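Worksheet for the structure shown next.
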Amino acid sequence: MIAEVAVDCPMKKLNKVFHYLIPPHLKQFISPGSRVIVPFGRQRVLGYVLDIKEHSDITQLKYIHDILDGQPLLDENMIKLGKWMAHRYITSLACCFNAMLPSALKTNAVEKYTVGDNCYDEKLKTFLSTPKALGELIKAFGLSSQDISLYIKRGVLVKQKHYEHKSSQKYIDILQLTKGVTKEDISKRAYRQHQLFEVLKNQKEVVFQKLPVELKRAANSLVEKGVVLKKQKQVFREPNNINIQEKCVISLTSYQKQVFETVSESLSNLKRDSFLLWGVTGSGKTEIYLRLAEKAISQNNDVIVLVPEIALTPLMVNRFKNKFNDNVAVLHSGLSQGEKLDQWQKIKEGKVKIVVGARSAVFAPFKNVGLIIIDEEHENTYKQEENPKYHTIEIAQKRLELSQGVLLLGSATPSIESLYRTEHGEYKLLNLPKRATANEMPLIDVVDMKSELENGNRSIFSKKLFKSIKKSLDNNEQVVLFLNRRGFSTTTLCRKCGFTFKCPSCDLTLTSHDNGNFLICHYCHYQLSKPNSCPSCKSIHLSFNGIGTEKLQKEVQKVFPKSKILRMDVDTMSSKDSYNKVYQQFADKQGDILIGTQMIAKGFDFPDVTTVGIIIADMGLNIPDFRSAEKTFQLVTQVAGRAGRGDKAGVVILQTYSPEHYSIEHSSKYQYKQFYLKEIKIREALNYPPFVKIIKFDIVANQEERVKKEAIEVAEMLKELQKKHQIQKSEILGPVMSARYKLRNNYRWQVMLKTNNMKQWLDILNKYNFPHKFSKGIRVSIDVEPTTTT
DNA sequence: AGCACGCCGACT
DNA sequence: GTCGGCGTGCTC
């Protein structure tokens, strides 16, 4: 008996499997889907058994060393899915299987040592009868690291990885300055340590785990010197308990009924079908989801419900929990690894029939998936940005193909691609053109900020927005202000010589925070305390340009001094609970005005909000990405949906510098269809998706010159492959410097491949083992159908 | 990832 | 003639 194993090792040629003999004592436990430990070269690594065979052509097979779980973790369909994924996203098999399992199962690999075949030392043998960590071994036998590597070489010792379940308690380390220490306690040359010192002086405490790598090292040496104190703090899991008044839904509208019946029919006939439900905000999509889930369960099928970000959609989770009680598992980012594992096991053991969760819940270990619902299907959180760079919709499609089920995508603003697919019969389009409740969508009033400026209004607020806010406040109603940029100001500029403060390792301008007291790099978190003068010309005239949520808050407070303002962005979300807290505060009317970034665009349902202000609507339009118009439209629609949810009518004031842009024009009138028709023409003319498929190659390394050289090489290789295999309908663009050229001291170039021949390219790139063709220190990562091209 | 293998310059 | 740098390639 031979086991075919996908080995987990970030190694070249890993789209292939390795054969191992199965030791007699493990025979009855090992089957496809088992996780095993196998000898691989001189190491022992994790592997996934994919198949059991009678024979192998390979001679000199090794034995499987051990098995990790009592039962196989993956069923036949999941193995098929993993194989398909590895090919589709050009990654290793093990990487795909890792993505399917809860992280608690994979992250706790501990290196331990045990005796090898050439160990004749009885003392060592007894000591290592249970595997020991390196530290224990060194302590007990007084060995040096050279001794150990020598012993490993000679086969006296064997290094292996141990996979242990972590305790479900989570800890973080808090750093504080020791009382009474000063700058002089740190050696003059230790630049990083001084940097950390400044941060701690200003912020009092900092979470160690959140520091950038460079500062972590500095932190450790300062802890050793006693300048900094390190304390362990337990992080408590946060139960998801927002009190939301349930809207009582008595019966479905005729539109809802029709949608329900259409999907329901496919469920009854066990047909493999895909639907796109295009329903305006508030049209009652959730109610349809609930009823369809009920239907699927009654037929003994399992249901997966996916939401973009579970923390931001407490409503959906609540409604499923209320309706199905114990039959629902929830997988959200607020759970500890251990808790996630518990939920996962509940699903695996068939104790629940429904899971509500974010992206990775698409891999929920159900046996019989009959329905997958993807809400807000246009959200880009459905694309995983790390390897395997999968898109949740694609995975869902593939799963349902394997288990014969129905896919239901829902959105008020479907992605251009999805809508395009409905025209070509890949998805069936379902419409909910009317809100389920009586109130209409709020009116969107577009204000041209250029003419405001011409009329002498230089403030952040247009006259209209100011009036509307005032009116709402006077009526004791609430206001939501949306600005998609956090921090105080985006650039700090010397007015004399034009110097701008930039991050030394990222080539990005530093955003000032805390009233300009800090400059922070939003990418690597490099910090600088408030500069007094320009480092280039010593001028003291510095100006803070560009507006972020912090500055907005300050301005609003100035103009409406009596109002109570709440702010919601990454910076105010220090703990998992902050979101719920602010949400609850605003719901309880402990705040008059809520200021926020993207975070407030989704799922907020406050009946007393009558003014919504979009401070700068066209911020996203300047991003050089083919999806920027689409994204802007979606964001405007979403934010607008926050107004007028109760009995009172709401107003949306949209401020913009480009009122004539088609994205702004159509979104302000809720004309998605018209926008779509225009956008799809542009996509066709410029040869962008959905008319072409993109594969993006990122070339990253820390040596500027080498990256450029390799990037040219990547483009050359692609052109050669294209020529050699005569691939038609393809275009290789680049290499070009990435939009964010330098990040964390790494330089990046990119090459784009546009093609209508995806299948052939995937076959060739996989066969050719493309991502691993490059020399050490150069990382070439491939993104198949990326969501952005920047 | 590790580690061996092999090819080239520096040195006993 | 040997030691050790690291570029290349393999691990069932």
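Proteins come first, then strands; the chains are lettered A, B, ... in the order of their sequence lines, and each starts at number 1. Just so it is clear, the values below take in all heavy atoms, side chains as well, and ignore hydrogens, waters and symmetry mates. From a predicted model like this one, the values you see are computed outputs, not experimental measurements.
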Can you check the A:Ile37 CD1 to C:dT11 P distance for me, whole Å? 20 Å

What do you reckon, is NZ of A:Lys729 surrounded by more than 12 foreign heavy atoms closer than 6.0 Å? no

What do you reckon, do A:Phe40 and the base of C:dT11 stack, with centroid distance below 5.5 Å and planes below 30°? yes

Just checking A:Glu4: base, sugar-phosphate only, or nothing, at a heavy-atom cut-off of under 4.0 Å? nothing

Between A:Gln60 (CD) and C:dC12 (P), how many Å, whole number? 10 Å

If I take atom CZ in residue A:Arg44 and atom C1' in nucleotide C:dC12, what distance separates them, rounded to the nearest angstrom? 15 Å

I need the NZ-C1' distance between A:Lys53 and C:dC12, as an integer number of Å. 13 Å

For A:Ile22 and C:dC12, give me the distance from atom CD1 to atom C1', rounded to whole Å. 13 Å

For A:Phe697, which residues count as a ring pair (Phe, Tyr, Trp, His ring centres under 6.0 Å) partner, sequence neighbours excluded? A:Phe770

Whole-Å distance separating the OH atom of A:Tyr63 from the C1' atom of C:dT11: 19 Å

Whole Å only: how far is the CG atom of A:Leu61 from the C1' atom of C:dT11? 13 Å

Hey, could you give me the CD/CG distance between A:Gln345 and A:Leu105, rounded to the nearest 0.5 Å? 7.0 Å

Throw together a table of side-chain donor-acceptor distances under 3.5 angstrom for residues 74-86 of chain A, partners on residues two or more places apart or in other chains.
{"from": "A:Asp75", "atom 1": "OD1", "to": "A:Asn77", "atom 2": "N", "distance (Å)": "3.2"}
{"from": "A:Asp75", "atom 1": "OD1", "to": "A:Met78", "atom 2": "N", "distance (Å)": "2.9"}

Within this structure, what is the NZ-to-P distance between A:Lys62 and C:dC10, rounded to whole angstrom? 16 Å

Distance below 4.0 Å between A:Gln43 side-chain N/O and B:dA1 OP1 or OP2: no

